[in-house]
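Notes to accompany the following structure.
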Amino acid sequence: MADLSTNFVGIKSPNPYWLASAPPTDKEYNVVRAFKAGWGGVVWKTLGAEGPPIVNVNGPRYGAVWGADRRLLGLNNIELITDRPLEVNLREIKQVKRDWPDRAMVVSLMVPCDEESWKAILARVEETEADGVELNFGCPHGMSERGMGSAVGQVPDYIEMVTRWVKKHSRMPCIVKLTPNIADIRKPAEAAKRGGADAVSLINTINSITSVNLDDFSPEPMIDGKGAHGGYCGPAVKPIALNMVAEIARDPATAGLPISGIGGVSTWRDAAEFLALGAGSVQVCTAAMTYGFGIIKELNAGLSQYLDDKGMTLDQLQGRAVPNVTDWQYLNLNYVTKARIDQDLCIQCGRCFAACEDTSHQAISMSPDRKFEVIDSECVACNLCVNVCPVQDCITMEELPLGAVDERTGETVREYANWTSHPNNPMARAAE
Amino acid sequence: MSNSPTTPGIQPGRLSPDAYGAHFDDLYPAYDPHEAMVAADRCYFCHDAPCITACPTEIDIPLFIRQIQAGQPDAAGKTIMDQNIFGGTCARVCPTETLCEGACVREMAEGKPVEIGRLQRYATDSLMERPDHPYTRAASTGKHVAIVGAGPAGLSCAHRLAMHGHDVTVYEAQDKPGGLNEFGIAAYKMAGDFAAREVEWLLGIGGITIRTGQALGRDVSLDALRAEHDAVFLGTGLGDVNQLGIPGEDLDGVRDAVDFIAELRQTDDLSRLAIGRDVVVIGGGMTAVDAAVQSKLLGAERVSMVYRRDRAAMSASDHEIDHAATEGVTILTGATPVAIHGQGAVAEVEFAYTGGDETFRLKADQVFKAIGQKLVPVDGLATEGRKFAGVPLAGVWAGGDCTGGGEDLTVTAVAQGRDAAEAIHADLTGNGI
């Protein structure tokens with residue numbers, strides 16, 4: 001069994017799976033259940049400043065998007081930060097860390113944007129002997145209307161300023177949690193780095209309305225006839241999160257900045273993908289909220305087996321895909337593939353045909369007895385047929401070898417060449 | 001209750017009173033909304049879907065399933081009824097494993113098709129629960145069409161004609177409409193008096209008058225119908241049954257299976273319906289299966305279904321035969337009845353192994369003959385085999401079991417009635433085809 005133990009900016013955990021700051025980490029009872037199940041760590045649900053507790057709505061807090069068989073694909077929420085008294089949370093954090101010293105205990109924080117507020121809360125957290133803090137600059141709903149959460153995360157200068165305060169008033173590792181509700185994720189990451197952050201974590205939830213009630217004409221979740229945008233998470237957001245993680249991992253300005261990857265991690269495979277794109281730990285929430293803490297067994301066993309099968313260590317996996325994340329202009333335009341349909345696996349549903357015929361390149365033929373075949377002279381290798389086929393590996397993309405002729409273009413497959421030197425590119429550099 | 005399955009002779013009340021309700025309730029209960037969504041989610045929305053091609057009425061199955069997925073099962077029901085106004089019956093009685101479900105790509109993929117029949121029932125039930133009839137009539141054409149037979153073919157024809165604005169009178173020999181749906185299909189397939197409810201719903205379109213107790217050749221003549229109407233559609237079904245032609249066929253306890261099934265369907269109190277202890281059903285079709293299974297469900301101790309050829313040649317579907325076996329019916333093939341023995345009443349049926357001389361006897365106190373139905377001839381129309389040879393008379397159309405083609409399936413009869421209505425409409429409105 002591969003060793004999954006992790007040291008992320010000095011925060012040690014037996015595996016890279018932390019529960020993200022969210023309802024599953026709001027109190028001792030849940031967190032202890034998570035640790036018993038095997039989770040490597042938690043980011044305790046965001047604490048606010050001393051004072052009257054936060055108030056939540058008393059109607060529905062979550063909206064959802066489902067796939068076939070009502071599989072939960074996306075979840076959104078309008079819950080705020082912890083609504084329990086600060087001292088209760090701090091007492092429980094201290095107790096749990098004491099009882100579970102080998103697990104990562106990170107505390108999420110969100111207080112008003114002034115130095116005194118941050119100084120005050122940091123002192124309280126340090127007393128718990130927690131392993132680190134995560135600055136919640138991400139929540140897109142509610143708290144942002146009060147100048148916190150994503151209201152800070154959307155202004156790089158504020159991120160830098162607050163991060164600096166935190167590093168000034170605490171010796172704890174500081175992870176800055178980034179909001180995806182911005183145009184360029186690299187800017188807040190750079191700001192966090194300038195402010196002295198030990199790491200960034202991302203993504204927080206995405207502004208969203210999951211559905212509209214067509215009887216009452218209100219967004220869901222509906223609170224007495226009205227709805228507010230909420231934060232979207234779950235499997236549906238993973239592609240957005242992966243891209244943002246990769247952007248930070250490959251940007252020279254932020255390369256090497258430790259990343260805790262968040263966004264739709266549901267299986268070991270999702271986690272491995274985040275790790276390969278440079279994350280040093282992953283945070284999970286929606287999958288646990290959907291299936292319970294028991295999924296950690298699959299997450300651990302799956303990642304461990306994958307590493308064993310690959311003969312890799314966790315360190316060797318981390319960041320392994322980053323060098324292969326590039327810009328479109330550097331993609332090999334001489335890489336030619338054609339769709340291939342495995343007739344033994346084909347169940348003759350014809351979805352590939354409909355997709356290609358109606359919406360793409362008319363590159364699949366259909367015989368009267370429902371045999372579907374690729375027309376190489378029309379196939380642009382778009383991959384849509386692969387994506388709509390209900391049978392895994394029934395349709396695959398086959399690479400044409402060097403020297404072969406692409407029947408569509410009539411051109412011979414040649415060595416690597418990209419857009420930067422393509423004759424149609426007015427900006428093309430002269431061939432050396 | 002003094003009788004039991006082992007009471008000799010033909011006896012009522014072999015079961016406890018509450019057993020009858022359970023035995024004759026829906027064989028496949030209706031989906032609840034959750035079950036329907038789970039089942040609907042399995043549909044791939046195939047291109048030019050094989051299930052549509054496999055349906056004699058060409059229902060757009062992927063479309064109606066998608067409408068269920070999208071939360072409008074009643075709209076799904078409308079998609080079905082647009083093609084097949086007996087979508088409710090067909091959902092219950094179609095041999096889906098040889099039609100739509102047999103063609104489903106998930107049958108190929110996983111050996112488990114989308115359960116189209118049960119989804120169709122869910123959709124059609126949803127539509128029929130609405131208070132309004134979903135179809136309206138076109139402006140009156142002033143034309144009047146006579147239909148003979150208020151079964152699936154005749155009423156399918158009638159509904160489509162009514163939609164097109166024609167007035168329709170249906171002449172039905174029985175005392176109530178429905179045809180085989182009402183009289184000829186196992187009760188557990190049409191639970192809850194569904195056949196009658198469906199006819200009532202269908203008539204909601206208006207413009208259709210049903211005259212019961214009007215048999216062609218007895219109460220009305222084809223000539224008179226032709227004279228009094230602008231067109232005539234014959235959907236008479238197969239009103240006669242084949243006979244064995246063997247000694248002992250007239251003994252007490254020997255009966256046509258269709259009569260038994262019709263009596264069972266019309267009985268208010270199944271506990272008062274007498275059934276034998278040892279029942280022998282002769283035949284290999286759906287009627288034989290329905291008679292055999294219902295004999296068992298009424299409490300017969302031993303029920304044998306005997307067919308002269310091999311199992312592959314049986315016209316009952318594999319699914320039906322498996323169901324009969326599951327219910328405890330013994331299925332014997334390759335045996336031809338040669339004599340029925342008994343003193344006044346049947347005691348044994350003697351069979352010969354088909355193609356050989358060796359014989360054997362089965363104990364029987366009741367015998368149901370289910371060796372095929374045939375047409376009641378109509379003056380002026382030739383017959384070929386057990387059906388009409390064709391309908392060469394001007395202004396007369398025919399469809400359903402009384403005509404060639406199809407395998408005496410309800411769904412085929414519905415398609416033929418509908419298509420005849422379109423042909424009649426084209427003829428009457430000058431849009432000849």
Side-chain angles (χ1 to χ4, degrees), chain A residues 63-74 210-217 220 235 339 341-375 384-395, chain B residues 31-55 58-76 97-116 118-119 122-123 126 130:
Chain A
V65 170
W66 295 276
D69 207 6
R70 210 174 153 87
R71 184 170 285 242
L72 189 69
L73 299 182
T210 48
S211 61
V212 176
N213 185 312
L214 290 178
D215 294 314
D216 296 308
F217 301 99
E220 297 280 11
I341 301 174
D342 184 333
Q343 299 297 337
D344 292 335
L345 291 176
C346 177
I347 60 171
Q348 300 177 356
C349 68
R351 283 183 15 177
C352 58
F353 176 83
C356 195
E357 192 72 8
D358 286 354
T359 71
S360 296
H361 302 87
Q362 297 77 49
I364 293 178
S365 66
M366 175 179 177
S367 72
D369 62 345
R370 302 186 71 80
K371 185 174 184 186
F372 299 93
E373 292 179 292
V374 176
I375 303 164
L384 182 62
C385 56
V386 173
N387 297 143
V388 303
C389 178
V391 180
Q392 193 170 346
D393 297 330
C394 174
I395 309 181
Chain B
Y31 276 147
D32 67 26
H34 168 71
E35 291 172 308
M37 289 303 275
V38 171
D41 273 344
R42 295 188 66 237
C43 176
Y44 283 141
F45 203 78
C46 294
H47 173 77
D48 192 12
C51 53
I52 304 176
T53 311
C55 174
E58 295 185 299
I59 293 167
D60 191 340
I61 293 162
L63 174 61
F64 95 68
I65 294 178
R66 187 174 165 86
Q67 289 174 301
I68 293 173
Q69 291 170 353
Q72 291 182 320
D74 45 357
E97 75 280 5
T98 60
L99 300 173
C100 52
E101 292 179 17
C104 178
V105 301
R106 297 202 80 143
E107 174 66 32
M108 190 191 300
E110 295 131 40
K112 188 176 184 306
V114 175
E115 292 195 292
I116 298 166
R118 297 185 74 184
L119 285 166
Y122 178 71
S126 296
R130 291 185 70 121

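Note on naming: letters A, B, ... go to the chains in the order of the sequence lines (proteins, then strands), and numbering restarts at 1 for each one.
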Closest approach of [X] to [Y] (non-hydrogen atoms, all atoms of both residues):
X: B:Ile65; Y: B:Cys43; answer: CG2-CB, 3.5 Å
X: B:Cys100; Y: B:Ile61; answer: CB-CD1, 3.7 Å
X: A:Leu72; Y: A:Ala64; answer: CD1-CB, 3.4 Å
X: A:Ala339; Y: A:Val374; answer: O-CG2, 3.2 Å
X: B:Leu119; Y: B:Ala36; answer: CD2-O, 3.5 Å

(request) Please state whether the side chain, the backbone, both or neither of A:Cys352 comes within less than 4.5 Å of a heavy atom of chain B. (result) neither
(request) Select one option (side chain, backbone, both, neither) describing which atoms of B:Pro62 are under 4.5 Å from chain A's heavy atoms. (result) neither
I'd like a table of the N/O donor-acceptor pairs between chain A and chain B - cut-off under 3.5 Å, distance only.
from: A:Asp69; atom 1: N; to: B:Asp41; atom 2: OD2; distance (Å): 2.3
from: A:Cys349; atom 1: O; to: B:His47; atom 2: N; distance (Å): 2.9
from: A:Arg351; atom 1: NH1; to: B:Tyr44; atom 2: O; distance (Å): 3.1
from: A:Arg370; atom 1: NH1; to: B:His47; atom 2: O; distance (Å): 3.4
from: A:Arg370; atom 1: NH1; to: B:Asp48; atom 2: O; distance (Å): 2.6
from: A:Arg370; atom 1: NH2; to: B:His47; atom 2: O; distance (Å): 2.8

(request) Please round to the nearest 0.5 Å and tell me the distance separating atom CD1 of A:Ile364 and atom CD1 of A:Ile341. (result) 4.5 Å
(request) Report the distance from atom CZ of B:Phe64 to atom CD1 of B:Ile116, rounding to the nearest 0.5 Å. (result)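 It comes to 7.0 Å.
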